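I have placed the structure first, in the form of C-alpha cells, so that the comments after it can refer back to it.
All figures in this text were calculated on a predicted structure; none of them were measured in a lab. A note on names: the letters A, B, ... follow the listed sequences, proteins ahead of strands, and every chain is numbered from 1.
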Amino acid sequence: RLRTWDSRSQVHEPVDRNFRQAFSELDRLKDKLALSDAVIEKTAYIYRKALDKGLVRGRSIPGLVAAALYAACRNTETPRTLTDVANGINIKRKDVARCYRLLLRELDLKMPVVDPIKGVARIASIADLSEKTKRKALEFLKEASRIEVSAGKDPMGLAAAALYLACVMLGENKTQKDIAQAAGVTEVTIRNRYKGLKEALKL
Amino acid sequence: MPQTKPIVSIENVVASASVDQKMDLNEITRNFPDVEYHPDQFPGLVFRLKSPKTATLIFTSGKMVCTGAKSEEMARSAVKSVVQKLRKGGIKVKKDAVVDIQNIVASINLGGKIHLEQAARTLPRSMYEPEQFPGLIHRMLDPKTVILLFSSGKLVCTGAKKEPDVYRSVNNLHSLLEEKNLMIYD
DNA sequence: GCTTTAAAAAGTAAAGT
DNA sequence: ACTTTACTTTCGAAAGC
C-alpha cells in the first residue's frame, strides 16, 4: 500500500520530505471524498512523476496534490468533480484546474472523456430518486451521447437534466431545484439541457 | 482536398512596438484627458483609438503594446496613429515606432460539424474538458499555434505571428479532421 | 505567478425586469 | 422566463512585484 511512498520513506532527502508533506494532505482527503486505495495509489504515482519532472518547483504543493488527485479520479473513472476536489483541499477551483492542465501537458497524460452517466448515481442518491428513474436517465444519456447532443456540455448538467427528464416522464415529483442542488448546477442549466434532450430524443 | 472552404476572420492582432526613448507617462496623462494611467495597478498607460478601435499600452521605456486591430496592417497603422497623436499633443517623439506582430487571433467556420469526443481521443496534444470549457484545445506544432475546436465546426486559432500561419494552421487541422473522419457535412 | 489590453468560440452563472 | 452582463479557455508583449 502506497509503495511509491513507502519505498523511500526512510530516506530523509528533500524530495521525500516534499512527498511526505504532500501525502499528509492526501490522507485527509481520502476519507472526506471517500476515495479508494487505487485512486490514492494513482495519485501518488502521478505526483511522483510531477516531482521527478521538477514541476513542483515554485508551485503550491496542495495545488499539485489536488490536481494529481483529480487526474487519478479521471484516470480511474472515479466520479469526482474538480469542485469536489478543490473544496476538499480548500483551494480555489481555478488553481486546481490550472495545475491539472499543467500535469496533462507536461506529463503527456491522456484522460478518458468524462461520461455523464458516471454522475447519475450520486445525484440520484442525494436527491433521493428511484431506481426506475435512474435507469431511465441512463437510457436517455446513452442515446444522447450516440447522437452527440452532449458535446461541449457539462457532464453534471447533462446527468441532472436526464434525471429531471426521467422524473417528468415517470411521474416522480422532484423539482428542478432539488436536482440542481444535488448536482451542483443551476436550475437554468437543467432547463437548457432538459430542453435540448427532449428535442434531440424527440420526446 | 477539403470538402469545404473554411471562412477565416481575423479578430485581434497584438503588436509590440518601441520608439526607443524614455516616455513621461504623467505628461501624456496631462495632455490627453482620455487616457487611463494607474501606476499602482499596472505600469502601462492605456491609449485608446476610436479608429481603428484599438488599445495601446505605453510604458516609460518607450515600448508599447497595441491590441484590438483586425489585421497586421491595421495594427501597424494604429501604432503610427498613436505616435502621431502624441506628437500633435506636444509629446516629443524622435523616432518612428518599430512594430512587431506578436499574436494573431482568428475565428473560423469549417462549414460542417465536428465529432468532438472522437477528436479528443484521436488528436495528439489535445485536451477536452467540458466541465471546464466547451471547446477542445489542440496544440499544433507547425505552425506553433493553439486551436480551440467546437462541435459546431467553429474554431479559434491563436498564437500565430503571421497571417499565413493562421491559414496554414486551419488547413492542416481541416485536412487532419477529414482524414480521420471527424467532420460531419450536411 | 500576478497585474492590463483585445478578441472569438459555447457553456454556465447571476442579476435585473 | 427573458435579457444583459460576466466569467471560463487559448495567445503574446510590456515593467515590476
Side-chain angles (χ1 to χ4, degrees), chain A residues 57-60 63 82 93-95 97-99 101-102 105 150-158 160 176 180 183-193 195-196, chain B residues 8-18 23 25 36-49 52-70 74-75 78-79 99-110 114 116 126-140 144-161 165-166 169:
Chain A
R57 273 190 199 181
R59 268 178 263 260
S60 87
L82 245 183
R93 191 191 116 116
K94 192 175 179 177
D95 294 334
R98 199 181 52 233
C99 290
R101 274 178 241 123
L102 178 90
R105 275 202 300 277
S150 7
K153 274 87 170 182
D154 176 11
M156 283 305 252
L158 282 166
Q176 291 180 356
V185 299
T186 64
E187 294 162 73
V188 179
T189 295
I190 293 199
R191 245 173 260 140
N192 290 337
R193 290 305 121 244
K195 208 179 293 178
Chain B
V8 180
S9 167
I10 302 223
E11 306 286 354
N12 185 28
V13 173
V14 180
S16 60
S18 178
M23 298 295 278
L25 302 186
E36 293 171 35
Y37 182 42
H38 307 288
D40 301 348
Q41 194 175 115
F42 189 71
L45 174 153
V46 186
F47 194 113
R48 291 169 201 283
L49 282 186
K53 191 181 166 244
T54 52
T56 300
L57 305 177
I58 304 175
F59 300 86
T60 57
S61 61
K63 290 186 175 179
M64 311 178 176
V65 172
C66 174
T67 61
K70 297 289 187 193
M74 202 182 277
V79 173
V99 182
D100 286 305
I101 303 302
Q102 299 292 164
N103 185 27
I104 297 175
V105 182
S107 61
I108 298 94
N109 189 341
L110 291 183
I114 299 171
L116 251 207
S126 66
M127 180 173 34
Y128 174 55
E129 300 284 332
E131 183 189 333
Q132 298 169 54
F133 188 71
L136 164 62
I137 302 163
H138 177 256
R139 286 162 201 284
M140 187 168 287
K144 188 177 172 295
T145 54
V146 173
I147 301 177
L148 310 182
L149 299 79
F150 299 86
S151 63
S152 63
K154 291 184 176 178
L155 317 169
V156 170
C157 174
T158 185
K161 282 190 154 56
D165 285 349
V166 171
S169 297

Could you give the NE2-to-P distance, from B:H38 to D:dG16, as a whole number of Å? 19 Å
Under a 4.5 Å cut-off applied to non-hydrogen side-chain atoms, are A:M156 and A:R193 in contact? no
Could you give the distance separating C:dC2 and D:dT8 at their P atoms, to the nearest angstrom? 11 Å
Distance between C1' atoms of C:dA6 and D:dG16 (Å, rounded): 22 Å
Just N and O in the side chain of A:R98: are any of them under 4.0 Å from OP1 or OP2 of C:dC2? yes
Point-to-point distance, once rounded to the nearest 0.5 Å, from CD1 of B:I108 to CG of B:L148: 9.0 Å
Does D:dC11 have OP1 or OP2 under 4.0 Å away from a side-chain N or O of B:K161? no
Categorize A:R59 for me: base, sugar-phosphate, or nothing, with a 4.0 angstrom heavy-atom threshold over every strand shown. nothing
From C-beta outward on A:R101, which listed nucleotide comes closest to its side chain: D:dT9, D:dC11, D:dA15? D:dT9
Nucleotide nearest A:R105 when distance is taken to its side chain, options D:dT8, D:dT10, C:dT3: D:dT10
Let me know the distance between CZ of B:F42 and P of C:dA6, rounded to the nearest Å. 12 Å
Only pairs with both distances under 3.5 Å count, Watson-Crick or wobble alike; so what is the partner of D:dA1 in this structure? C:dT17
Work out how far the P atom of C:dT4 is from that of D:dA6, and round it to whole angstrom. 15 Å
At a heavy-atom distance below 4.0 Å, what parts of residues 9-16 of chain B sit against DNA chain C? B:E11, B:N12, B:V14
Pair partner, C:dA6 [Watson-Crick or wobble, under 3.5 Å]: none
Charged N to carboxylate O under 4.0 angstrom, A:R101 versus B:E129? no
Between CZ of A:R57 and P of C:dG1 the distance, given in whole Å, is 16 Å
Find the distance B:L57:CG to D:dA15:C1' and express it as a whole number of Å. 11 Å
Note: B:A160 and B:V166 closest approach over all heavy atoms is CB-CG2, 3.7 Å
Using atom CD of B:Q102 as one end and atom C1' of C:dT5 as the other, report the distance to the nearest whole Å. 14 Å
In whole Å, measure the gap between the P atoms of C:dA7 and D:dA15 for me. 23 Å
What integer distance in Å separates B:Q41:CD from D:dA14:C1'? 15 Å
Distance between the P atoms of C:dT3 and D:dC7, in whole angstroms? 12 Å
Closest-nucleotide ordering on DNA chain D, the 5'-leading residue of B:F59 and B:I137: B:I137
A:D154 side chain reached by B:P130 side chain, heavy atoms, under 4.5 Å: no
Note, B:I137 side chain near B:V146 side chain (heavy atom, < 4.5 Å): yes
Quick check: on DNA chain D, is the nucleotide nearest B:G62 upstream (toward 5') of the one nearest B:N103, or the reverse? Name the residue that is more 5'. B:N103
In this structure, how many angstroms lie between the P atom of C:dT5 and the CE atom of B:M74, rounded? 21 Å
Round to a whole Å and report the spacing from CG of B:D165 to P of D:dG12. 13 Å
Each nucleotide in nucleotides 9-17 of chain C should get exactly one letter: B, S or -. Can you fill that in based on protein heavy atoms under 4.0 Å? BBSSSS---
So does B:E131 pair up with A:K153, basic N to acidic O under 4.0 Å? no
ring-ring contact (aromatic ring centres under 6.0 Å, His included) filter on B:F47, not counting sequence neighbours, yields B:F32
For the residue pair B:I10 and B:I104, establish whether any side-chain heavy-atom pair is separated by less than 4.5 Å. yes
Got a donor-acceptor contact below 3.5 angstrom from the B:T54 side chain to the B:P52 backbone? yes
Check: B:H138 main-chain N/O paired with B:Y128 side-chain donor or acceptor under 3.5 Å: no
Using atom C1' of each nucleotide, how far apart are C:dA8 and D:dC2 to the nearest Å? 25 Å
